[in-house]
Structures are given as C-alpha cells and as structure tokens.
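Okay, structure first, notes after.
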Amino acid sequence: MNEEQLVRAVARGDRAAFEELYRRTSPWLAVRLRRRCADEQVVAEVMQETYLAVWRAAGSFAGAAVDGTAVGWLWTIAARRLVDAFRRRAHQAWPLPVAAAAPAAEDEVLAGALSDDVGGALRDLAPELRQVLQAMVLDGLTVRETAVLLGVPEGTVKTRARRARIAMREALS
C-alpha cells in the first residue's frame, strides 16, 4: 500500500494504516523539521500536531485528483504547524533557535533531478535566496509564512524572491 492509499484508509478510521503512515513518514518529517528549527521540543510538538491533523483531516486529502502526493500534503500540514509555532513563540517573545544551514539531501536530490543548467543555477544561488525559493516554491508557503519561518521581514522575503528569480533567469539565459 502506498502513502496515498494509507491516507485514504486513515480517512476510513483505519488505525493500522495510520500507524503504518506514521512509521513510514515520521523519520523523514522530523529531519525536515529539524532543518528549519533546532528546538527539539518545538519539533516534537509540531510532529504531534501534524499527525493529529492527519488523523482528523485525512478525508480532505484529494491526492492524485489534484496532482498531489500524500507526502506533499503531510509536509504542507507540518510546515504550516511550524509557522504557527514560530508565531506563538514570537508572541511570547521567546526566540527559537534556527537550525544551522547545511546542505540537505533534498537539496542535492532536487539539484540532481533538474537539468544540469537549472541544477547548477540553483546550487549557485546564495543560501538566503535558495531558502526563500525552497519555502515559497517547493513548500508552497506564502510570503508571510516564509517570513515567519525564516525570521525575516516580509519585505526581505519579497526582495530575496525577486533576486532569486533574476539570478535564475540570468544563469539560464
């Protein structure tokens, strides 16, 4: 059974399918969250909130009908929960430690999956530009959510997104 089928089984209340979905996806999801937040307590809370949301909302997963994947849907939920956690901490005035920027496997896979030109242009982007592209394009976050996630003003996100597009266009022309 693939992840999409597991989510559909979870929607029917199948606990075994939920446990299998968790077993398959939680290690990957935890690593991805840790890349964005170094606070283990926040990562644990986001994981719990994410899987609770999956259990409650599995019936809303449209999947292949809208060219979506279960893993993508799961990441969207987790990314939004992480943004919510950052907002809660901002209101409480507790800074969250941001994970140290290190090359991630997903970045390497993405760059390798793209053509040599696009992959090279992506690798050559400054890290702060690449982070904005990843959050907005790959993760599907809004400007506001990206700003909260990265801890920068919305105007900075817009500027970096524009600079990234220009740099990519120049590198590919």
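For the numbers below, each heavy atom of this structure counts, side chains included, while hydrogens, waters and symmetry mates do not. Quick caveat, the model's predicted, so the values are computed rather than measured.
- Glu170 is linked by a side chain to side chain donor-acceptor pair (under 3.5 Å) to nothing, counting only residues two or more places apart in sequence or in another chain.
- Interatomic distance, Leu133 CG to Thr146 OG1, rounded to the nearest 0.5 Å: 10.0 Å.
- Every residue two or more places apart in sequence or in another chain that forms a salt bridge (Lys or Arg N to Asp or Glu O under 4.0 Å) with Glu40 is listed here: Arg34.
- The OG1 atom of Thr69 sits 13.0 Å away from the CH2 atom of Trp75 when rounded to the nearest 0.5 Å.
- Atom CZ in Arg8 sits 11.5 Å away from atom CE in Met1 (nearest 0.5 Å).
- For residues 156-166, there are no side chain to side chain donor-acceptor pair (under 3.5 Å) pairs, not counting sequence neighbours.
- For Tyr51, the side chain to side chain donor-acceptor pair (under 3.5 Å) partners are Thr25, not counting sequence neighbours.
- Sorted by first and then second residue, the salt bridge (Lys or Arg N to Asp or Glu O under 4.0 Å) pairs with a member in residues 9-26 read Glu3-Arg24, Glu20-Arg23, Glu20-Arg24; sequence neighbours excluded.
- Every pair passing salt bridge (Lys or Arg N to Asp or Glu O under 4.0 Å) that includes a residue from residues 145-156 is listed here, sequence neighbours excluded: Arg80-Glu145, Arg144-Glu154.
- Cluster annotation: Trp73 is connected to Trp28 through the hydrophobic network of ILVMFWY side chains, with a link wherever side-chain heavy atoms come within less than 4.5 Å.
- Val31 and Val71 fall into different hydrophobic clusters, where Ile, Leu, Val, Met, Phe, Trp and Tyr are joined by side-chain heavy atoms under 4.5 Å apart, directly or via other members.
- By the 4.5 Å heavy-atom criterion applied to side chains, Arg169 and Ile166 are counted as neighbours.
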